[in-house]
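Here is how names work: the chains are called A, B, and so on, in the same order as the sequence lines, proteins then strands, and each is numbered from 1.
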2 protein chains.
Amino acid sequence: MITTLKDIAEKTGFSISTVSRVLHDKSNKSKISEETQLKIKQTAKDLGYRINTLARGLRLQKTHEIGVIVPDISNPFFSAMIKNIATELRKHGYNFIVYDSDENIVIERSAITSLLGKRVDGLIIASVGQDFSHLQKIRNSEIPFVMIDRCFDAFDVDSVSVDNVKGSLLAVNYLIKEGHSRIAFIQGLPGTYANETRLQGYKSALLDAGISIDERLIVGDDFRSLNGYLETKLLLKLSNPPTAIFTAGDLIVLGALEACRENNITIPRDLSLVTFDDPIFASYLSPALSAVEQPVTKMAEMAVALLYRRMKNPNDERRKVLLEPKLNIRSSVTRISMLMNIKHIIKTENTTE
Amino acid sequence: MITTLKDIAEKTGFSISTVSRVLHDKSNKSKISEETQLKIKQTAKDLGYRINTLARGLRLQKTHEIGVIVPDISNPFFSAMIKNIATELRKHGYNFIVYDSDENIVIERSAITSLLGKRVDGLIIASVGQDFSHLQKIRNSEIPFVMIDRCFDAFDVDSVSVDNVKGSLLAVNYLIKEGHSRIAFIQGLPGTYANETRLQGYKSALLDAGISIDERLIVGDDFRSLNGYLETKLLLKLSNPPTAIFTAGDLIVLGALEACRENNITIPRDLSLVTFDDPIFASYLSPALSAVEQPVTKMAEMAVALLYRRMKNPNDERRKVLLEPKLNIRSSVTRISMLMNIKHIIKTENTTE
DNA sequence: ATATTACATGCAATCGTTTGCATAAAAATG
DNA sequence: CATTTTTATGCAAACGATTGCATGTAATAT
């Protein structure tokens, strides 16, 4: 059986209180004799005692756990984020529990229920939701709660994300500067914060440059690679295909690359490519992928800092932190002239049929 | 405050037992009148009741949680594994808690302590350890426990991994068949199961082909990308550099690629490359990377199946499952003749200086 | 010698659930 | 109408830890 304080108490002849104080109470308030301490510690070791954190959490109404929910652990962006959050939390002496909502609001809901059931001391969520009704309850309860990456402007809650609008502006302005005007956007899940803000940046970059928006070039519906693959295939089949594609996420761009390869499209010669997110492998592709980098370490640090602050001062006003994105220019974009543009179109039509 | 059964009991006038039975007891043994049920359920909803799983776990001595420990969440191989484990566990009605040991045995130890403290019902571990002394205790305790990916031949415990020896054989035999004889191996953390078995496969492939082993071509010391980068740089500086490199993991190969790019080494023309693990981006690189694929979904399924079986029949004999690896041949390996080999060496020496 | 303080330890309530057993009332049976 | 059975609900003891308060003894001060 699993050893408890009681077992140790019986074996040593001391009371449970004394054993508890020796083994766990760092406050040093009650003076226990050296001899007793030694004896108790030794039997604890002999019996392989391990504290039951369920019991402790129940008694203390504190678990020292933070719940984290992300849409997709296997997405490099989120797995990097998790690692950074873990490192930050460890500094503060907190453990954490991750849930993967699998880009599914139903799973996200049940993850929240489950975490609240575990009485975590705080919550960090990158929500997949297109609205925040299910989060309202959390915020109204006492539990400290911060949103990361995916947040809602209209929802007054601590949150940290990258300036998505600016990120898209950087990417699309760069493409425009290189002579592109038919620029497609393969988006992620419509209605999500990350997607809508990125889309907004895309649109205003075009409008600012006096380029009218072609709705046929705004395609896609989730953040997975299959979406990138399918939409790229379709874009290439257009009678007037884009000369550049801007993708809303790192998995999407992988799909796009696969489609290009299948269609013998060489990047950047036949098609330029820029993506949001800058996964570890972006610079190892050839051509190396130009990408909008999110300051993921800083995001994690800020999220934990906000959470920590909220735990200490529950009534501070809520803050929304926007971090600066950065465009990493590599070699997946080519400069085009009008002439090249036309040649490109002809070539593309030939190869895709 | 957080609502408890007691609050609902007081509000409705029924006892805590009745409330508990209405809200949680599916067994239907005690007949509670429809009217009572409705009233209780309604107030539970009104008060925003959520079960406290700490209390339940304490009482039931069961948490319905499985602890999972991996060396590096941000490694695509492990994040894929986690996702698959999650999916499998959900089917069985289990939750899970992941820990990232950060390739660090000290953190692994504390993760184990923490999970056992949470009284998880089972444990799935991909250990970073070079020995299994710290795992012996777990096995000897009652908790069901399976090792995945990284196991120990001499440790009698349920485990599932890919046949690493065979995987290396596949890769190295393929390189040999393509005419390579100076094949380097950039390894991961020495002493770990995954590394030693992969190394063993590498060596026996060479020996079987009558190629003597050059210890200067066996380099590296962990599974991270920096290791791949540094060792590749050094290998390229050798007076007699390898014509092919076989890397022990997907992060290592990324580092190798970076080093090659910096030295203007074109793959596969100047250097052939094969890696263990087949990350999602392998086929998107150009050239697409030839890689040894691990059946990660099957591994996850097997691990959960073994765990589940152990939970039901604690005294079954322990099993070690070895799954088949698969070599995915893409375009990162070139066929070489002796003549090309010499040209290659000369060229490499020029470029690296 | 007595009063006071310090020291070392124990008592018992509490955290929120679950559940075997008890019980009272209602219904069914003879 | 008396007895048995069924129905609907409550009591109270766990589960394992924490901790304010109490207590008995030893050391020190007066």
Starting from [atom2] on [N], measure out to [atom1] on [X] and report it in whole angstrom.
X        : N       : atom1 : atom2 : answer
His64(B) : dT17(C) : NE2   : P     : 17 Å
Lys62(A) : dT14(C) : NZ    : C1'   : 18 Å
Arg56(B) : dA14(D) : CZ    : C1'   : 16 Å
Leu60(A) : dT19(D) : CG    : P     : 5 Å
Leu23(B) : dT19(C) : CG    : P     : 14 Å
Leu54(A) : dA14(D) : CG    : C1'   : 15 Å
Asp25(A) : dG10(C) : CG    : P     : 15 Å
Leu5(A)  : dT9(C)  : CG    : P     : 16 Å

Exercise for the section: Answer with base, sugar-phosphate or nothing: what part of the nucleic acid does Ser20(A) contact at a heavy-atom distance below 4.0 Å? Expected result: base
Handout entry: Sugar-phosphate, base or nothing in reach of Arg119(B), heavy atoms under 4.0 Å
Key = nothing
Problem - Ring center gap for Phe132(A) and Phe152(A) short of 6.0 angstrom - result: yes
Exercise for the section: Could you tell me whether Tyr49(B) and His24(B) have their ring centroids closer than 6.0 angstrom? Expected result: yes
Practice task
For the side chain of Gln61(B), starting at C-beta, report the closest nucleotide among dT17(C), dC15(C), dG16(D).
Solution key: dG16(D)
Practice task
Assign a letter to each nucleotide of nucleotides 6-12 of chain D from its 5' end: B, base within under 4.0 Å of a protein heavy atom; S, sugar-phosphate only; -, no contact.
Solution key: --BBBBB
Problem - Arg139(A), CZ atom: more than 12 neighbouring heavy atoms under 6.0 Å - result: yes
Practice task
Flag yes if more than 12 heavy atoms outside Arg319(B) fall under 6.0 Å of its CZ atom; otherwise flag no.
Solution key: no
Problem - Donor-acceptor side-chain pairing of Ser33(B) and Thr36(B) below 3.5 angstrom - result: yes
Handout entry: Under 3.5 Å side-chain donor-acceptor pair for Thr18(B) and Ser15(B)
Key = yes
Handout entry: Row check, Phe223(A) ring normal vs Arg150(A) NZ/CZ: under 6.0 Å, within 45°
Key = yes
